[in-house]
Undergrad: 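The following block contains the structure, expressed as structure tokens.
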Amino acid sequence: MQERIPILQMGRVLLVTIQVDMHDRLALQLQDDLTNKISESGAKGVLIDISSLEMVDSFIGRVLANISSMASVLDAKTVVVGMQPAVAITLVELGLSLNGVLTALNVMKGMKLLERE
Amino acid sequence: MSSSVLATVISNGQEDLLKEWVQQQLQAEGMRRDLIKVEELTAQSREFLQRFQGAVGSGDLLNIRSMGWSPVLESIGELSRQRGRMGFTPTETALFVLSLKAPLTRLLREAHKDDPIKFIEEITVVGELLDKLGLFTMEVFLQSREEVIIRQQEDMLELSTPVVKLWDGIVALPIIGTLDSARTSVVMESLLQRIVETGSEIAIIDITGVPTVDTLVAQHLLKTVAAARLMGADCIISGIRPQIAQTMVHLAIDLSAVTTKATLAEALKTALQRNGMKVVSSSAV
Amino acid sequence: MPVLNSEVLPVRGEGDIVSVRQAVRKWAVEIKCSLVDQTKVVTAASELARNLLIYGGGGEVRLEKLQEGLRGGVRVTFEDKGPGIPDIPQALSDGFTSGSGMGLGLGGAKRLVNDFSIESEVGKGTRVTITKWK
Ligand SMILES: Nc1ncnc2c1ncn2[C@@H]1O[C@H](COP(=O)(O)OP(=O)(O)OP(=O)(O)O)[C@@H](O)[C@H]1O
Ligand SMILES: [Mg+2]
């Protein structure tokens with residue numbers, strides 16, 4: 001049995017808190033689980049809290065971007081929240097700008113953003 | 001040379017050697033008696049002699065980087081650092097080890113009264129050894145000075161980058177003076193850090209006080225804006241002077257994705273508006 | 001240049017990429033890299049370890065702690081006996097991928113570190129070396 005990142009449902013919003021240094025398969029698993037859960041639950045928003053993540057490389061970045069586009073196809077908005085400054089600086093240097101992905105400073109602000117959108 | 005001869009000589013003559021050496025140090029030209037007390041000097045010298053004797057007994061006399069010498073190097077390191085901080089010059093610091101030469105020479109001469117050849121052999125090795133230790137002292141001394149300078153530079157950089165909270169949810173970074181790459185990255189990092197700490201969704205970077213912007217600095221600015229966006233905050237750049245605007249166009253730096261305002265006041269107005277506030281004159285209410 | 005310490009990690013599966021990241025992080029902390037620099041070198045290492053696994057068919061990662069005068073550094077070497085890279089400048093350019101990636105790994109890793117070098121021979125393998133100085 002493979003470990004999984006838990007998805008929390010809060011009304012029409014799904015909340016995922018990533019706390020481990022994800023290996024690639026775990027990230028892909030999350031991508032699968034989230035898309036299934038969105039269509040099952042009819043959620044309108046997804047919050048991915050990455051404030052504990054110490055690093056985002058091109059693979060994880062791509063998974064975040066994919067989740068956002070897949071959710072958008074299923075009519076849900078995705079907000080990536082809590083990216084640390086060092087991680088953000090590194091991602092920019094790497095050349096990944098995550099265009100089209102919504103971002104917020106923390107979960108609260110992410111919620112507000114979803115309400116507005 | 002069998003190291004045991006030197007070791008025996010030292011251990012037999014220990015107290016005399018210590019006294020003579022301390023005396024040498026005190027008399028040496030440039031000894032800072034104002035900076036160090038005799039008791040302290042004696043204690044330092046005794047400690048050193050013990051370690052020195054141990055190293056001579058166990059280690060390779062010509063390779064001070066070998067294991068046996070590490071307690072000695074450690075003690076020299078500590079002493080050089082301390083003296084560097086206290087304001088000794090490099091020469092004054094190196095005197096510690098170098099002034100051991102005369103008393104050791106005397107001890108060896110006595111031990112080899114009947115064998116001048118042996119004496120010369122030994123004294124050559126001891127001389128070389130002490131020179132090496134002297135050079136090592138200088139090395140550590142300079143290194144610790146350099147560390148102090150680097151630390152001061154880092155402190156300066158941080159002092160020169162005050163990120164201020166202008167309003168709830170709005171921070172500003174007024175940059176004054178020339179931006180080089182090192183300073184820009186320190187400045188930008190502290191801005192991003194403050195965005196997180198204050199939970200500010202808007203950051204104003206004011207470059208009114210910056211005389212010139214080159215490609216590298218402009219790129220840094222744009223990267224900071226991109227990083228802030230990834231974190232969930234928007235940047236406004238204000239105070240781009242006409243010359244800088246021209247340079248940016250010449251350098252083909254694309255600012256179209258960034259909000260720019262002529263003055264810090266206007267930037268603040270825009271920021272307040274985005275946060276759902278409005279500035280009006282009180283008489284107009 | 002004095003090498004103070006070294007360690008070799010095999011990369012055979014995905015879990016090993018995580019181990020490489022963690023080992024590089026540990027060493028970057030030891031030489032007192034700033035948090036940003038730690039993150040940069042860890043991210044570069046993650047990219048290169050993944051390339052090593054996916055394109056090189058696995059291999060070895062060597063970590064070395066360096067000391068040059070006042071500054072400390074971490075050097076990480078990624079070596080595989082895979083198919084090699086026929087056109088290195090092309091592989092380094094952003095956006096080029098022969099697989100399903102975004103083609104950012106090599107070029108990005110280069111931007112994230114102080115020294116970067118790559119040697120590759122078709123049919124023999126690839127070696128990428130990066131160094132981050134404090
Ligand atoms: N160790 C290697 N052995 C053989 N070919 C390699 C190796 N590393 C990289 N390459 C080649 O270089 C290309 C570019 O690599 P790069 O890491 O920049 O992009 P990617 O891995 O394709 O995508 P990304 O890293 O953005 O997910 C790869 O597609 C592959 O063809
Ligand atoms: Mg890659």
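In what follows, chains carry the letters A, B, and so on, assigned in the order in which the sequence lines appear, proteins first and then strands, with residues in each chain numbered from 1.
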Undergrad: Above 12 or not: heavy atoms from other molecules or residues under 6.0 Å from NZ of Lys165(B)?
TA: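 Counting other residues, nucleotides and ligands, NZ of Lys165(B) exceeds 12 neighbours.
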Undergrad: Does any heavy atom of chain A fall under 4.5 Å from the side chain of Ile195(B), the backbone, both, or neither of them?
TA: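 Answer is both: backbone and side chain atoms of Ile195(B) are under 4.5 Å from chain A.
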Undergrad: Can you tell me which portion of Ser185(B) sits under 4.5 Å from chain A's heavy atoms? Options are side chain, backbone, both or neither.
TA: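 Neither part.
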Undergrad: Identify the two heavy atoms, one from Thr103(A) and one from Arg229(B), that lie closest to each other, and give their separation to 0.1 Å.
TA: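 Scanning both residues, the minimum pair turns out to be OG1-O, 2.5 Å.
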Undergrad: Could you look at Val101(A) and say if it's the side chain, the backbone, both or neither that has a heavy atom under 4.5 Å from chain B?
TA: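 Contact with chain B involves the backbone of Val101(A) alone.
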Undergrad: Measure Ile50(A) against the heavy atoms of chain B and call it side chain, backbone, both or neither at under 4.5 Å.
TA: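 For Ile50(A), neither part sits under 4.5 Å from chain B.
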Undergrad: Under 6.0 Å from the CE atom of Met10(A), do we count more than 12 heavy atoms belonging to anything else shown?
TA: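 No.
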Undergrad: In terms of heavy-atom contacts, does NZ of Lys77(A) have more than 12 from other residues, nucleotides or ligands at under 6.0 Å?
TA: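 Count not over threshold, so no.
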Undergrad: Is Leu105(A) close to Glu201(B) at the side-chain level, that is, under 4.5 Å between some pair of heavy atoms?
TA: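 When only atoms from C-beta onward are counted, Leu105(A) and Glu201(B) do touch, with a gap below 4.5 Å.
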Undergrad: Looking only at non-hydrogen atoms, find the nearest pair between Ala88(A) and Ala227(B) and report the distance.
TA: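 Heavy atoms only, the tightest pair is CB-O, 3.5 Å.
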Undergrad: Quick one: CG on Leu230(B) to CD1 on Ile89(A), what's the gap to the nearest 0.5 Å?
TA: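 Going from the CG atom of Leu230(B) to the CD1 atom of Ile89(A) covers 10.5 Å.
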Undergrad: With the side chain counted from C-beta on, respond yes when Pro85(A) and Glu189(B) share a heavy-atom pair under 4.5 Å apart, and no when they do not.
TA: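 Answer no - side chains too far apart.
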Undergrad: Crowded around Lys109(A) NZ? As in, over 12 foreign heavy atoms under 6.0 Å?
TA: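 Yes, the 6.0 Å shell around NZ holds more than 12 heavy atoms from other groups.
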Undergrad: Looking at Gln9(A), I'd like to know if its CD atom is crowded, meaning that more than 12 non-hydrogen atoms belonging to other residues, nucleotides or ligands lie closer than 6.0 Å.
TA: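 Above 12, so yes.
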Undergrad: So for atom CE, which belongs to Met277(B), do other residues, nucleotides or ligands contribute more than 12 heavy atoms lying within a distance under 6.0 Å?
TA: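 Result for CE/Met277(B): enclosed.
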Undergrad: Is it the case that more than 12 heavy atoms not belonging to Lys269(B) sit under 6.0 Å from its NZ atom?
TA: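 Not buried by this count: 12 neighbours or fewer within 6.0 Å.
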Undergrad: Which one wins on heavy-atom pair count under 4.5 Å against chain A: Val196(B), Leu192(B), Thr224(B), Leu191(B)?
TA: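 Heavy-atom pairs under 4.5 Å are most numerous for Leu192(B).
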